[in-house]
Amino acid sequence: MALKIGADDLVENPTPRVPVSLCIDTSGSMLGDKIRELIDGVNLFYDAVDEDDDAHDAAEVSIVEFNSEATLIQDYASIERLERIEAIDPSGLTFLGEGVNLALDTLEKRKSVYSGSGVLYYQPWLVLMTDGQPNGSPAELERAIQRVTELVAAKKLTVFPIGIGGDADMAVLARFSPNRPPLRLQGLKFKEFFEWLSKSVSRVSRSTPGDTVKLDLEGLAGWAEL
Amino acid sequence: MLCLADGAGSASHAEYGAQTVVDAGCALLVDRFEEFSTGEDAADAREIITRTLVSALEDTAQRVGCEVLDLASTFLAVAASADRFVVAHIGDGVIGYVKNGEMKVASAPDNAEFANETTFVTSSAAASSLRLFRGSLEAVSGFILMSDGASASLFDQRARTLAPACAKLISIVASAPARQSKNPEYKKRVKRVIDTQVRPATKDDCAIGILASR
């Protein structure tokens with residue numbers, strides 16, 4: 001008996017996704033080198049993901065900016081659909097809680113899309129970057145902290161709180177991440193951080209059931225395993 | 001009797017664990033086939049199966065010199081007699097069967113919310129997540145068991161259905177010559193399909209077991 005099996009006889013399953021939410025401070029204090037370095041870092045992250053065989057198919061990135069309001073400037077998209085960022089004009093206050101809540105709402109919607117279409121996904125990541133102190137609604141900030149810490153405790157979210165420069169409120173950032181201290185990005189080392197992030201996405205996208213993904217933590221003191 | 005186990009990538013001695021649950025699982029399902037295929041108490045059957053597998057893993061852990069958790073693996077099994085079958089499944093991977101010429105899913109992957117999470121025989125939830133099915137072999141022409149790697153090409157996550165290639169693989173095994181030879185032609189053809197068409201869809205390893213009636 002002949003065994004003729006063609007492409008039609010097989011199924012094409014989508015690659016399990018790694019949703020990455022970048023929640024970034026674009027308040028007035030980010031003006032100048034900080035925002036330029038941040039934009040360069042995000043674009044470098046896109047390039048690095050694009051060049052990596054595993055991360056290319058798996059990563060989906062969204063960006064929420066917060067200043068005197070919170071705005072979704074990039075909904076979840078695979079690397080081929082992500083527009084490189086040309087410029088961001090920082091202005092206004094630091095509505096950090098509102099930004100995180102919008103990022104979490106966007107993530108929940110994306111997870112529903114995955115579930116509805118049979119796409120598997122890995123534990124989502126939230127990268128929270130700010131250079132100052134939150135001054136939006138205190139209730140929104142508390143709600144954001146509670147949502148994040150509950151998700152982290154249930155192992156449903158990995159959060160990377162990053163303080164930019166010496167004025168970042170590390171105490172507030174620490175409340176988002178009870179398991180490990182936030183990282184203060186010294187000397188605007190965005191490039192190094194986003195390179196590390198793209199490599200880490202690649203490692204997660206290669207993991208199989210039972211794997212505990214250990215990230216390459218050298219140079220990122222304070223990070224623990226996922 | 002057909003059994004397949006896929007060792008957890010994270011477990012340091014998973015190859016011993018997979019071998020252990022295959023050996024112990026086959027022996028148990030053969031010994032107690034009548035009880036499992038006709039008995040009323042499914043909870044009891046679940047408990048017996050997981051306890052037997054974990055007990056065998058404890059012996060292996062002692063012999064190899066590791067922890068039981070270092071032996072984590074999935075467990076997929078089909079036992080068939082003249083007219084009845086029993087299916088048992090812990091973890092991911094898929095068990096399918098052909099009935100009246102139609103490919104059906106007996107047991108789908110047990111993935112938690114995230115892609116790199118599933119239940120293993122060594123998990124605390126193994127007994128409660130063990131799926132047990134049984135039925136008549138009438139009009140059933142074969143079974144296919146596969147690891148999660150193979151299911152990337154053969155199982156549609158969205159539709160929860162098995163690919164037509166599964167029925168073809170079962171039929172080729174059903175029509176294989178009874179005479180034993182060292183490397184029969186059908187086996188080479190199956191291997192070629194696996195290597196060239198099933199494997200490329202995943203970076204994970206692929207295992208497939210087929211049980212077919214003539």
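If you're wondering where the values come from, they're calculated on a predicted model, not measured in any experiment. Quick note: numbers below take in every heavy atom, side chains included, and nothing from hydrogens, waters or symmetry partners.
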Problem - Shortest non-hydrogen separation from Q157(B) to L120(A) and the atoms involved - result: NE2-CD1, 3.5 Å
Practice task
Walk me through it: do K168(B) and D9(A) pass the test side chain to side chain contact (heavy atoms under 4.5 Å, CB included)?
Solution key: CA-CA 9 Å; K168(B) 290 192 178 182; D9(A) 295 312; 3.1 Å; yes
Exercise for the section: Salt-bridge test for E113(B) and K111(A): reply yes if a basic N is under 4.0 Å from a carboxylate O, no otherwise. Expected result: yes
Exercise for the section: Locate the shortest heavy-atom distance separating P14(A) from R158(B); write the atom from each residue and the value. Expected result: CD-NH2, 3.4 Å
Problem - Stepwise side chain to side chain contact (heavy atoms under 4.5 Å, CB included) test for K156(A) and F114(B) - result: CA-CA 9 Å; K156(A) 292 186 180 297; F114(B) 303 124; 4.1 Å; yes
Handout entry: OH/Y16(B): more than 12 non-hydrogen atoms of other groups inside 6.0 Å
Key = no
Practice task
Indicate the atoms forming the closest heavy-atom contact of V11(A) with A163(B), along with that distance.
Solution key: CG1-CB, 3.8 Å
Handout entry: Part of F155(B) lying under 4.5 Å from any heavy atom of chain A
Key = backbone
Exercise for the section: Answer yes or no: does atom CZ of R143(A) have more than 12 heavy-atom neighbours from other residues, nucleotides or ligands under 6.0 Å? Expected result: yes
Completion exercise
The interface call for S151(B) against chain A, heavy-atom contacts under 4.5 Å, is backbone
Practice task
Check the surroundings of atom CD in E108(A): do more than 12 heavy atoms from other residues, nucleotides or ligands lie under 6.0 Å from it?
Solution key: yes
Practice task
May I ask you to check whether over 12 heavy atoms, not counting those of K155(A), lie within 6.0 Å of atom NZ?
Solution key: no
Handout entry: Residue R81(A) excluded, over 12 heavy atoms near CZ under 6.0 Å
Key = no
Exercise for the section: Inspect the surroundings of CG in D75(A) and state if more than 12 heavy atoms from other residues, nucleotides or ligands are less than 6.0 Å away. Expected result: yes
